[in-house]
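So the structure is just underneath, and the comments pick up after that.
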Amino acid sequence: MKLINRLFIILISCLLSSLALAKDLTVGLKSEPSSIDPHYHNLGPNNAFATHIYGTLVGSDENQQHYPDLATSWKPINDTTWEFKLRKGVKFHDGSDFTADDVLFTAQRAQNVPKSPSGFGTYLKGKEFIKIDSHTIHIKTKKPYPLMPNDIMTVKIISKKNGEGATTADYNSGKAAIGTGPYKFVEWVPGDKIVLKANENYHGAGTGAPKYKNILFKPIKSGPARIAALLAKDVDFIDNVPPLNVAKMKKNPTIKLNSGSSNRVIYLHMDQFREDSPHITAIGGGKIKNPLMDVRVRKALSLAINRDAMVSKVMEGIAVKAGQLLPAGFHGVSDQMKPDPYDPEAAKKLLADAGYGNGFEMTIHGPNDRYINDAKIAEALAQMFSRIGIKAKVETMPKAVYFKRASRGGPNKSPEFSFMVLGWGAGSGEASSPLRALLHTYDKSIGMGRANRGRHSDPVVDKLIQKALGTVDSDARGKLLAEATEVAVGKNYGVIPIHYQMNTWAAKSSCSYTPRTDERTIATYLNCK
Amino acid sequence: MSPKLRKFLEFCKDFSSNKVALVAFLIFLLILFVAIFAPLVSPTDPYDLNTVSIMNSRLPPFTEDFSGNYFLLGTDGAGRDMVSAIFYGLRVSLGVGVLSGIFALIIGSFFGISAAFFGGRYESLIMRIVDIQLSFPSILVALIILAAFGKGIEKTIIALILVQWAYYARTARSSALVEINKEYVDAARCLAFGNTRIMFKHILPNCMAPLIVVGTLQTAHAISLEATLSFLGLGLPITEPSLGLLIGNGFEYMYSGDFWISIFPGVALLITVASINLVGDHLRDMFNPRLH
Amino acid sequence: MTAFICTRFAQSILVLFIMSLLVFGGVNLVGDPVEMLINPEADQAEVERVIRELGLDRPVTEQYWYFLVNAFKGDLGSSFIFGEPALKLIIQRMPATLELALFSLFISLIIAIPLGIYAGYKPDSRVSKVIMASSILGFSMPTFWVGIIFIMIFAVQLGWLPSTGRGEIGTFMGINSSLFTLNGLSHVFLPALNLALFKISSVIRLTRAGTREIILQDYITFARSKGISEKRIVLIHVLKNILIPIVTVVGLEFGSLIAFSTVTETVFAWPGMGKLIIDSIYNLDRPVIVAYLMIIVTFFVFLNLIVDILYTFLDPRVRIKGDHQ
């Protein structure tokens, strides 16, 4: 009898709690943030999550365009100084006022988080923050710095009052997790859930007021499991729907899918710095001069890629063919460049012209757990190259091993592979990000070409990129970046773009998500009827 | 008829008295055949990128593509024929299982017999190590090796050898202890044969029966463990897919209804492990008359 | 006696030391955690800062020395990813794993003991043969594959039970566990059954062997001759006598259930320690890998030590042999 009573009580309480949750949202996330501290780990899931709790001076909308969030306006007042006017009347979650002191404190703190595995120093160092009055600041740099709003956009503002002396653990426990964002932090159980509640006093700029009373984030790493949870109504909304499930889910009337192209291009790096490349041989295994040094061979490879088949078959239609480093619409892209056509005959001819008419053998290296369908992309490429006489083997490995070897697994910490599949998401939302990292000559001292794993090097490209980075005028800078892309990708084939990744979100049918190009999952972009 | 042959025939008769075990043994022989001759019996070479086409990905069982290839068990996400993938997978799974079993048998019986033979501090040291090792669950031992040293075919084999050797050592020692007191060992000692010769030419052959029983059951266990590790992404690399990896790869297609990619390799694994287990179980009963 | 315990204790410490050397040394050879952690847009200066921050610029021997010194103070290092003490992360996940293991132990005993008794009581019946054959099948079925099948049948096709994660948490007598809510139970059922599968097979065999032995004992014959019903004989005499050894053995093997839960947790996305270690291996979170392995090795080594010592108290022969060493 007692047992039955007990069960009854449990049943009732379950029912009641489900009624109370009617206006709540449960989100199934692929990757949970590694911390609630917004400056601890500069990585996608953390930055996306932190947007719920914390504001930034410059906001970034679904197309990574700027909008005023905690700053109402910003402009360069001379070559080396930017002025930011701060929004008045904004309150932190604990009721304290937001002022210039908080910004100055944030700028200091964000560069100096102990044990941080990836910090914000890249965006903040060399910038001097000066308080003019309680709601005006100046940021000074040594050289002209046009990308100021892009850098400032990445840094979440914390409260000085709550943040002084606070450690990352204090943020994780909620003690210091005080921001100006649309939601307040309630609880985090790593691996299990994060709970937020609405901030009724949200200042209302950007994406607007919070739409749900409570949000529960559940990390569900496996794609199939996320879908199952959505179908079972365990969650209302999931991110990163695997492409292979999209077709079937589209037929399901209880689910609403939203796909959007991202700022991430999937591309190929080719060894252009070794006469004798380690993973390339003549047919049969003999020594051969590295064919990838010849631009005709690189062009031939691009022409041999059937990008339509890649998009429709490998990516299940959930991707966009790429002809440059960022999709149209972003700042600094070229409006001249189109994806290369599929033309195996022309490719064969180019190979023959370059003296490789008999083909050669090479190994394509790629990750198998980093990008959408990455291992399949590598395999499909090998199939396509075999059609123009290049015998390609495929070796894929987990990202844990891959990136180290791809960056510096060879002798003297040089890149180990000859031909590799990679991806690049432009976090800054404009073309200088991929250009300086992937195509500028590798130069540690000036922080250029950090991810240039093929070591492409062209002084013309370098000059264009550097000139662009010092050009404050936005249009002029955009032109320079587009020109750099046209030379580096269009003429030199320094890298070969394949496609832009698309991301798909799925929600119950009464909701709709506005896809973000930066791949972030932010609850305020979900609209429910 | 030589006595050896007669003994063998008697053994065969004994073994066949259990029909289940006999059938299991025949199935195992068939699997072994398929595994060894996978390149010859497979309809296609699943890892030759010139023949595999991405256009054929995820075809259900019993379909034919435009060029007339017939896929009895369907294709996987990369367009590979499942039958061929399973045959090649069997080859890897059995290869890793048997290879690690043989190494473990050699290492284990060496330490087991020498421990029994020399006794004293050496014996207590070896047996202490064996005891400690056996107190750990097999998956934990494998996990330690693979977590610490990374994945790869040779590391998986090392992990599986480490998991198994202690069982062989224990069995070898206890049978060797019985054998050592027999007359033929004394006789060999009188003839001043070297220790190595006595241990491995005289004692070892007489310990083989229980070692073979342990060997069969351990091999089944090793195959199963390798599949588990590969499924977890810690075992074999993706370039050499064993059955475990095939199942793991199919897992992501499960929710979209493409069940065959995961189910069929699993059935193959189950049949393999179960047939070895049944044979081993029966062998154990035969060599352990106490149970009857 | 004291000498024996001391020797065994020293051996345990030695095992732990060798393990720490092996695990720490090995983990530090694999991959590059910085490449995994850092934002691709970070410049070289930032990369170098992170390498310093994580202590990866020091020689491995020095890192190991710090690890040992701190381990003695109860600090097993901080997670590269979460920045929090590895020990804390593991302890946070421990309840989920324990509740899964306990529940699956419960399921396996409930299912296996009746089947085992039946198979031992009527060894030649058809049903018994089926039971024993299934137990071999149970040994042969790879746990993770059965888990996948479970998900496909019960979660995807029938939609009866959830396939992933842990359910709501309830509180009962001050203990927080998802076993105390209906939602929680529905979540734990499939993974627990999956984890129990192997155990069920072994307990069936154990019970069957025990039952067969007891059935032949004099006191059973005596009870029968006194006219006690067969039902009573099985329920009272057999059950009572086999339960103790079975529970002892199964209890001692509880550790292996925790070790094998790694697999089940991965299939069902159960947020326990096992999933943490697999995730950490993927993400090269070295401190967590080392801490987890050291904690679980310590657990097993000391469990073993305690069992050894208990045996010497219970069985003097072991003690004599031990003193000989």
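Just so we're on the same page: letters track the sequence lines, and every chain starts at 1. From a predicted model like this one, the values you see are computed outputs, not experimental measurements.
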- prompt: Looking just at side-chain N and O atoms, do Glu226(B) and Ser230(B) make a donor-acceptor pair shorter than 3.5 Å?
  reply: yes
field: Closest-packed option against chain C by number of heavy-atom pairs under 4.5 Å, given Ile129(B), Leu140(B), Leu232(B), Ile271(B)
entry: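 It is Leu232(B).
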query: Ser224(B), Gly233(B), Ala227(B): which one forms the most heavy-atom pairs within less than 4.5 Å of chain C?
result: Ala227(B)
task: Give, for atom CD1 of Ile144(B) and atom CZ of Phe149(B), the distance between the pair rounded to the nearest 0.5 Å.
output: 10.5 Å
Around atom [atom1] of [X], are there more than 12 heavy atoms from other residues, nucleotides or ligands closer than 6.0 Å?
{"X": "Phe302(C)", "atom1": "CZ", "value": "yes"}
{"X": "Phe117(B)", "atom1": "CZ", "value": "yes"}
{"X": "Tyr64(C)", "atom1": "OH", "value": "yes"}

task: Examine whether an atom of Val15(C) lies under 4.5 Å from a heavy atom of chain B, and if so say whether it belongs to the side chain, the backbone or both; otherwise answer neither.
output: side chain
- line: So, the part of Val146(C) with a heavy atom under 4.5 Å from chain B: the answer is neither
Highest number of heavy-atom pairs under 4.5 Å with chain B: which of [options]?
{"options": "Ile151(C), Ile258(C), Val290(C), Asn28(C)", "result": "Ile151(C)"}
{"options": "Val23(C), Ile148(C), Leu293(C), Thr266(C)", "result": "Ile148(C)"}
{"options": "Leu137(C), Leu303(C), Leu22(C)", "result": "Leu22(C)"}

Beyond-backbone contact of Val130(B) with Gln133(B), side-chain heavy atoms, under 4.5 angstrom: no
Given heavy-atom pairs under 4.5 angstrom as the criterion, report whether the side chain, backbone, both or neither of [X] touches chain C.
{"X": "Leu269(B)", "value": "side chain"}
{"X": "Ile263(B)", "value": "both"}
{"X": "Ala220(B)", "value": "neither"}
{"X": "Val141(B)", "value": "neither"}

message: Out of the candidates Leu245(B), Leu73(B), Ile86(B), only one should pair with Pro265(B) under the side chain to side chain contact (heavy atoms under 4.5 Å, CB included) rule; please name it.
response: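 Between Pro265(B) and the candidates, side chain to side chain contact (heavy atoms under 4.5 Å, CB included) is satisfied uniquely by Ile86(B).
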message: Under the side chain to side chain contact (heavy atoms under 4.5 Å, CB included) test against Ser138(B), which residue among His221(B), Gln164(B), Gln218(B) passes?
response: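 The passing option is His221(B).
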field: Residue pair Phe268(C), Phe150(C): steps toward the ring-ring contact (aromatic ring centres under 6.0 Å, His included) verdict
entry: CA-CA 10 Å; Phe268(C) 289 91; Phe150(C) 277 179; 7.3 Å; no
message: Check for me whether the distance between the ring centres of Phe25(B) and Phe15(B) falls short of 6.0 Å.
response: yes
- line: Contact list (residues 276-287 of chain C to chain B, heavy-atom gap under 4.5 Å, by number) returns Ile278(C), Ile281(C), Tyr282(C)
query: Is the side chain of Glu265(C) donor-acceptor paired with the backbone N or O of Lys275(C) at a distance under 3.5 Å, no angle test?
result: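 Side chain of Glu265(C) to backbone of Lys275(C): a pair is present.
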